[in-house]
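Report on the structure given below.
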Amino acid sequence: MDDVPCMTWGEQTPFDVIQKANDKILRALTDSKIPVAIFINEQGLAEDAKRIALLKQWLTHPLITAGNHTFSHLNAAEIPQTLFEKEVLDGETLTRKILSGTGKPLKYFRFPFNASGKDSVSIVALQSFLNKHGYISTPFTIESSDYMFQSLYQQAIDKKDSIEARRVTAAYIAHTLELFDHFERLSLQRYGRVIPQIYLCHDNKLNADCLGELAAQIKSKGYSFTNLDTALQDKAYQQTDYYYGPYGFSWFFRWEKDKQKRKLLLQQQPEPSPQDYAAYRKLLK
Ligand SMILES: [Zn+2]
């Protein structure tokens, strides 16, 4: 789960709204016994004792593995390397302090937007910087544009349109399950078995309200939940990442060496409906 604990909320959002949503996510994870790796942005936390306490609430939870997601969520493909390196180091200050009392390590890192650099030179250089600082760059296999559904969901809530809000949550859950089916089939095709999937989503209101239901549906497909350490021990995750560009797509595509085959695989990935995409693009303007 990325952008923990406050990054996805606008600056104007009252803290109790953020606290309530985070509480709800943690409750859902606890109830469904789902181990989660969280990728933290520390921007705006240090000046605020309540926000630090919220981060502590996450990090001290027994099901939570810690991860750095940089200080302020800048894109590694768009800024100078030295600035990105500073973002990595500035992003671990509070996390390390809190973790020192828990015995938990800080070894995972996830690039904002999953953009690991702008070209092969910067990607290799940043990878070696991360290695030097003891970080493992964290892959994912499934993500379902939850940020897009979140924007539509928030708009429906702001308009007090409960019918649209319910439609959006149903569309989000259906699309996520469709992607689980898709990547399960792809995994069977490519490896003859279903590899442990890593689902990437965000700390936002949509997941606060949907995660319990989503977890139940995934479970009913026959999945069980494990932590990031265990998932990454699978040999699928020892494969070479052949992609040296700025886009943030699934590791299934990065493990494909042939560019044409990768392009084909990318085209086959199910997308949210064009109507939802159009509505989202309109919101961004
Ligand atoms: Zn992020």
Side-chain angles (χ1 to χ4, degrees), residues 1-11 13 18 21-22 25-26 29 34 36-46 51 54-55 58-59 64-79 83-95 106-118 122-123 126-127 129-130 133 135-154 172 175-176 179 197-208 210-211 214 228 232 241 243 245-251 253-254 272 280 283-284:
M1 180 170 281
D2 289 6
D3 303 6
V4 178
C6 301
M7 199 63 182
T8 59
W9 275 273
E11 269 175 41
T13 313
I18 300 174
N22 278 279
I25 292 175
L26 277 164
L29 301 179
I34 308 176
V36 168
I38 57 167
F39 294 89
I40 298 157
N41 303 114
E42 291 194 4
Q43 187 181 44
L45 301 186
R51 289 176 187 236
L54 177 59
L55 178 62
W58 277 97
L59 287 170
I64 298 301
T65 297
N68 180 346
H69 195 38
T70 75
F71 182 71
S72 65
H73 211 281
L74 298 176
N75 188 326
E78 294 173 357
I79 60 172
L83 178 54
F84 191 80
E85 290 174 358
K86 187 173 181 316
E87 276 282 304
V88 175
L89 299 178
D90 287 350
E92 64 180 27
T93 320
L94 286 169
T95 306
L106 177 61
K107 59 179 178 178
Y108 291 113
F109 178 82
R110 181 172 272 146
F111 283 97
F113 313 99
N114 287 285
S116 50
K118 71 176 190 307
S122 73
I123 286 171
L126 284 176
Q127 201 55 62
F129 173 84
L130 290 176
H133 287 84
Y135 281 116
I136 297 164
S137 173
T138 310
F140 75 92
T141 56
I142 302 175
E143 70 90 22
S144 55
S145 309
D146 68 327
Y147 53 89
M148 185 201 86
F149 290 107
Q150 159 64 25
S151 295
L152 301 179
Y153 186 50
Q154 194 59 54
Y172 166 55
H175 181 56
T176 306
L179 284 163
Q197 305 282 6
I198 299 178
Y199 177 58
L200 185 161
C201 65
H202 295 83
D203 179 357
N204 58 29
K205 174 140 180 71
L206 176 73
N207 283 310
C210 290
L211 217 52
L214 186 59
L228 187 58
L232 288 179
D241 177 350
Y243 178 64
Y247 299 115
F249 44 63
S250 167
W251 263 250
F253 310 130
R254 296 163 187 259
Y280 174 61
L283 276 178
L284 291 181

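When a ligand or atom number is given, it counts from 1 through the structure's own listing order.
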Do Cys6 and Thr13 have side-chain heavy atoms sitting under 4.5 Å apart?
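No; the side chains remain at least 4.5 Å from each other.
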
Go through the steps for Leu152 and Leu206 under the test side-chain contact (heavy atoms from CB on, under 4.5 Å), then give the verdict.
CA-CA 10 Å; Leu152 301 179; Leu206 176 73; over 6 Å; no

Identify, with sequence neighbours excluded, every residue that meets ring pair (Phe, Tyr, Trp, His ring centres under 6.0 Å) alongside His73.
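His69, Phe113.
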
Establish, from distance only, whether the side-chain atoms of Glu143 and Ser250 form a donor-acceptor pair under 3.5 Å.
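Their side chains do not contain a donor-acceptor pair, so the 3.5 Å distance test is not met.
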
Assess the side chains of Glu42 and Thr95: does a donor N or O sit below 3.5 Å from an acceptor N or O?
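The criterion, which ignores hydrogens and geometry beyond distance, is satisfied for Thr95 and Glu42.
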
After noting the C-alpha distance and the side-chain angles of Phe249 and Tyr243, does the key distance pass the ring-ring contact (aromatic ring centres under 6.0 Å, His included) rule?
CA-CA 10 Å; Phe249 44 63; Tyr243 178 64; 4.5 Å; yes

Please indicate how many protein N/O/S atoms are found closer than 2.8 Å to the Zn ion (ligand 1), with waters neither displayed nor included.
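For the Zn ion (ligand 1), protein nitrogen, oxygen or sulfur atoms under 2.8 Å: 3.
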
